[in-house]
Each structure stands twice: as structure tokens, then as C-alpha cells.
Amino acid sequence: MSNTKTHAFQTEISQLLDLMINSLYSQKEIFLRELISNSSDAIDKRRFEALTDASLLNDDEELAVTITTDKDAGTLTVSDNGIGMTHDEVIDNIGTIARSGTKKFMEALEASKKEDDNVSLIGQFGVGFYSVFMVADKVTLNTRKAGTNTAIQWESDGKGEFTIGETEKDSAGTSITLHLREDDKEFLEDFRLKHIIHTYSEHISLPIKMLGSVPLDDEGNPQEGVEAELETVNTGTALWARAKNEISDEEYQSFYQGLSYDMEPPLSTLHHKVEGNMEYTSLLFIPKKAPFDMWNRDNKKGIKLYVRRVFIMDDAEHLMPNYLRFVKGVIDSQDLPLNVSREILQGDRDIQKIKASSVKRVLDELKRLASKEADSYQSFWTEFGQVIKEGVVEDMANKDKITPLLRFASTNNDSDEQTVSLEDYTARMSDDQDAIYYITADSYKAAKGSPHLEMFTKKGIEVLLLSDPVDEWLVNSLPEFNEKPLKSVSKGDLELSDDEKKEQEEQKEALSPVTEKLQEVLADVVKEVRLTSRLTESPACLVADENDPGANLERIMKAMGQDAPSTKPILELNPEHALIKQLNADSDTFEDWAQVLFDQAALSEGAQIKDPANYVKLVNKLLVTN
Ligand code: ADP
């Protein structure tokens, strides 16, 4: 090496290495999968860049990953003729993790007790390279970027520092040599390595090569002067390009695991070859479990796009809408040009058609699961329901397909599990019920305990209990289902029968001094004070005006740092309640009562009150004086 410099790892990396070495001792073998996967990415990149600059590829060079061992030296080397790295790229990619994921990864790693989780965590957070230090006490990486003449050597024992300098390398690509620890010499054995390749990297669509054995002479000894030749160990063909009936469940599963790092088999596998005007193959998987980073909206790596088996890009966005971001898979087009860019993809009609059909396939499969395999669908919903709900807002074109997939908690059930479909709800509605009623709150408990439900419970009307943040947007985008409007129980007025109206008129009359005075005292915080038949047990509640956003949505928007128009609620009083009946507009304590009633109404719907200390003081005062 020349011009060698020593650098310290970023603190996070040192911590990460420490964790890797000390807590991921089982399944160490995945280091090989990580290296092969990096090599495969690097080769894909070289092929891709050569589409615009042909000089980056040599016609006579087969693109492959080669694995060799040196038993005397105790080393294992993984080489590729991929894109390679420049000096600065090595520093950026290996040595400094500028990735925001690292910290989260380490937190997840520390929190995780199960080894299996750790293994899938490594892949999901993209800290793969460092797994080499689970088996090696020194690692040497030589690399030369395609199209340049300078080669770089990086070396480290994984203990806080690495050296980097210039070196010699004949051709472009990267070669990584692991000086194996004494206890990890098993990774020098061919059969062990082949087994790992078959397990994890069988479907990498590149040849993975190892030296074969030297042919034996008549006496059974290796022939002299004959060198072993490189042999391809994996199938090396794209799984999706093979006929469906020739692919076993195990093969699909191992391919899926390679894509997703999910240790469980997928819930559904959808493999289609489309022929005709537009030819493409899609192989899509619906996972059973949500990945750790499902809520990271920047992470859009669900679907890989290939054109005639050449990897083009990871980009779910143009191939799968956001609300199906958990779907993993491959789409391989026969017709797209190889030099297709993201910009072209965006407006490409064929891509839009492929996307539309892929979405349809996934939604149809979910529909099938919901009707034929209710238990699987229910666990799917528990994992992904919140994301599917985004679809109602995001994908107007498929709203009719998504709506029947929705599941909610309801007053019909005792648990907070979301199991009730709109179909179930409407089937249970009585003939004279003309709306689907729901309540939104920031937790299931707050929804279930809300005073707004009192009259509905009394009348035996089912109410859907919505407490996911996305529900507010969902109900906004879903004005009706099967011609029945969706109505919030905490908004607007209630429909009353003639008798009820008459009774309320009388009560209104009787209580008018109280309501008027309340309105005066609470003018700053309420829009109106009125009587209600909504309540049977509580003295008062807050409702939003028909066209106002409602308290829950305001809370959510504020929590998201957005400006929410602060609208004043309406205070509704239960004229049958003893507390209301005993209110006296002329009493000295009336203002205290007004404040307590208002605060109570806010508390009972799970809201925070402005001045809790004052509330406690007032309640205590009233308890003593009464
Ligand atoms: P990830 O592969 O998830 O990005 P890694 O730690 O495994 O995380 O690799 C970090 C980066 O180093 C890669 O993104 C890539 O840019 C670079 N890299 C790793 N291995 C190679 C290789 N064999 N050839 C070229 N670049 C590589």
C-alpha cells in the first residue's frame, strides 16, 4: 500500500461492531450472504452504468462473484467484477455510517431478545458489510472503480480503526479477504461454503463461482499439473423467469427471504407471466409480518424493476403505491428500454399499466384471503391494517376494492381487535337506521368510554370505534358505503322523533336561564350551549359542529406540527342529569360549575384540559360547599 492513512471509525460503528461480535454469535454464516449480496449489487450497478458508457464493460469478461480460500493462510476471499469504489466512496460507504438507520438499528438490536430477529435486522438496516467481523479478526478490501486506474486498499481489525491507501489491482471490481478467527475456520471448507450459498444465495441472478476439485488419476490422487477450475455453485437463473409449475414452495420462500430478510414464509406468493402487447413477469409477495421500517416513508425498496433480467432499480414508488409498500417482489419487463430512467418511468404508460395490474393482483388476493382464510386475513389486518387504510385516501381508483377490506373495532365486540367490516355492520343495521355511525378518538379506550356513545348504547345502535390516526382521513374520504352515509356520533345534531322533539322543547324552555348564562360564562371556549338527548349517564359532552374538523383531528394535526384551525366545540347538556337539574343561574358558584362541566366534558372524551390544577381546585371547592 502507498499513501496509507489511518482513520478512526465513527463511534456508532465501533459500538455496532462490538454488538455484532458479542451478540450475534449464532448464524454467523450470514456474513457470506451479505458479501454476495453487496457483490451482486455492485455487478448490477456496473451493468447498468455500462448501458450509457459501454467502455465500462469488457465483452470477454463474465460478470460473476468468485469465492476462494487459502487454508494455509486461513483466509477466505470474496471477489466480484462489479462497479468497484473510489477512495472517497470507500471512506463514505465503509467506515463512516452517515446512515440514520444505524442508531435505530442498534436500539432495535439491543431491545431484541430473539436471535432470529437480529439476523433479519442486519439486512433491513443495511449494515451488512460489518458482519464480516463476526468471523474475521482482520479484513482486507481491495477495490478498483470501473473506468479508473487507481486501486484502493482498506484494512481493519474491526477494533476502532482502519487504514486506507493505494494499491495495485488488475481489473475493476472489489475483492474482500477475511482473515478468519481461530474458531471460525469452518468457513474454509468448500462443502460448508456451498451449503451457505445454496441456503441464502441460490437465486442471485449471477453465477457464484468456487474452485472445483482437481480430477483424480488412476490411483485416486489429484492429477499433477492440472489446476482446479472455477465452477458455478448456484443455479444463477432468475427464479421468476422459470415456469411456475417447476418452482417449489421452498424455492419461492428462499427467494422471498433473499429479498426481504424476513425469517417467516410469505403470506401469499403471486407469480404471473403476462404476454401479448406488453410482456412482463411479476413475482410479488405479501409478507406475514410488518418490517421494522414500515413507517419510514423514505424507504421505498419493496419492488425491484428488471428489464430483460437486467436489474434496473429498486423503486416501489412507480410500481406499487405507498399504501402497499410492504409488498415485496420483482417485476421484469420485456419491452422497456434498458436505459429507462426514473423520469421516464414516471410518465410511462406501460409502467402505469403494470402498476395498475399489480395493485389489482394484490387487492384481489387480499379479498380472497378475507373471504376464504379469515384467520390469516385477520392477522394480516393486525399487521398492515393501518397502511391499507391509507389506500382509501390515496387510491381513489381502487376505493371500491379497498373499502370491503377494511376492519374496525366496534361497540358490538368487547375487544379492541379490528374485526368488523362495513359489510358486517350494514348487515346488522335495523331498517330504520339510516347511517353508519362511528366515533374517532386517540385511543380505543377513549372511544369506547366516550359519553357520545351513551344514547347509541341505550338504543342498541352499533358504533364503529376508530382510534388510528389515519382514521380521521379515512372517514373524510369515505362519505358512504353501500349508499349508507358514515356519520360521526360526536358531530352535528341528532335526529329525534316527534315525541322526543316536543319533550326537548319543554326542557329547553325550563332550562333556558341556565343555558343562556352558561353560554355567557363560557363564551371564549364554546360556540354554543344546547340540550341533547345524546347522553344518558353523563351531565355534558362536547360536540363539533357538522362542518368542523372535530377535536380528535385537531389534536392529531397539532401533534404532527401542523396548524389546525382551532374551532370551538358545542357544549351539550343532558337535561335529565341531576347535576344539570340542580344548576342555578343565580347562584354564587355558577361560574365554578360552568368551568367544571366544561372541563369534565373535555376529559371524558380523552382530551387534555387547559388548567388541570384549577380544575382540581374548583372540584374540591364544590365538594366542600355542597
Ligand atoms: P448495504 O449493502 O445495505 O448498503 P453494506 O454495509 O453492506 O450496506 O455496504 C455499504 C456500502 O458499501 C454499499 O451500499 C456499497 O455502496 C458499498 N459496497 C459494499 N460492498 C461493495 C462491493 N463489493 N462493491 C462495491 N461497493 C460495495
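Just so you know, ligand 1 is whichever comes first in the structure, and atom 1 is the first atom listed for that ligand. These values consider heavy atoms only, across backbone and side chains, with no hydrogens, waters or symmetry-generated copies. Keep in mind that this is a model prediction, so the values were computed, not measured.
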Enquirer: What donor-acceptor contacts under 3.5 angstrom involve side-chain atoms of residues 134-142, with partners at least two apart or in another chain?
Expert:
| from | atom 1 | to | atom 2 | distance (Å) |
| --- | --- | --- | --- | --- |
| T140 | OG1 | E155 | OE2 | 2.7 |
| T140 | OG1 | H179 | NE2 | 3.4 |
| N142 | OD1 | Q153 | NE2 | 2.8 |

Enquirer: side-chain contact (heavy atoms from CB on, under 4.5 Å), that's the test. Do V78 and L178 meet it? Break it down for me.
Expert: CA-CA 8 Å; V78 178; L178 279 59; 5.6 Å; no
Enquirer: Taking distance alone, with no angle check, do N93 and ligand 1 share an N/O pair under 3.5 Å?
Expert: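 Between N93 and ligand 1, an N or O pair is found under 3.5 Å apart.
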Enquirer: With a 4.0 Å heavy-atom cut-off (strictly under), which part of T143 contacts ligand 1: side chain, backbone, both or neither?
Expert: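 It is neither part, as no heavy atom is under 4.0 Å.
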Enquirer: Listed by chain and number, what are the ring-ring contact (aromatic ring centres under 6.0 Å, His included) partners of F285, not counting sequence neighbours?
Expert: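 F285 satisfies ring-ring contact (aromatic ring centres under 6.0 Å, His included) with Y256 only.
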Enquirer: Looking at ligand 1, does M85 have a heavy atom less than 4.0 Å from it?
Expert: yes
Enquirer: I'd like to check whether Y130 has a polar contact with ligand 1, where a contact means an N/O of the residue lying under 3.5 Å from an N/O of the ligand.
Expert: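 Between Y130 and ligand 1 (N or O atoms, distance only) the closest approach is not under 3.5 Å.
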Enquirer: About how many Å separate OG1 of T69 and CZ of R192, when rounded to the nearest 0.5 Å?
Expert: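 That separation rounds to 14.0 Å.
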Enquirer: Is F129 in polar range of ligand 1, meaning some N or O pair under 3.5 Å apart?
Expert: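 Among all N and O atoms of F129, at least one is under 3.5 Å from an N or O of ligand 1.
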Enquirer: Identify which of A42, G84, S175 has a heavy atom lying nearest to atom 24 (N) of ligand 1.
Expert: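 Minimum heavy-atom distance to atom 24 (N) of ligand 1 goes to A42.
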Enquirer: Considering non-hydrogen atoms only, spot the tightest contact between L63 and L206 and give its length.
Expert: O-CD2, 3.8 Å
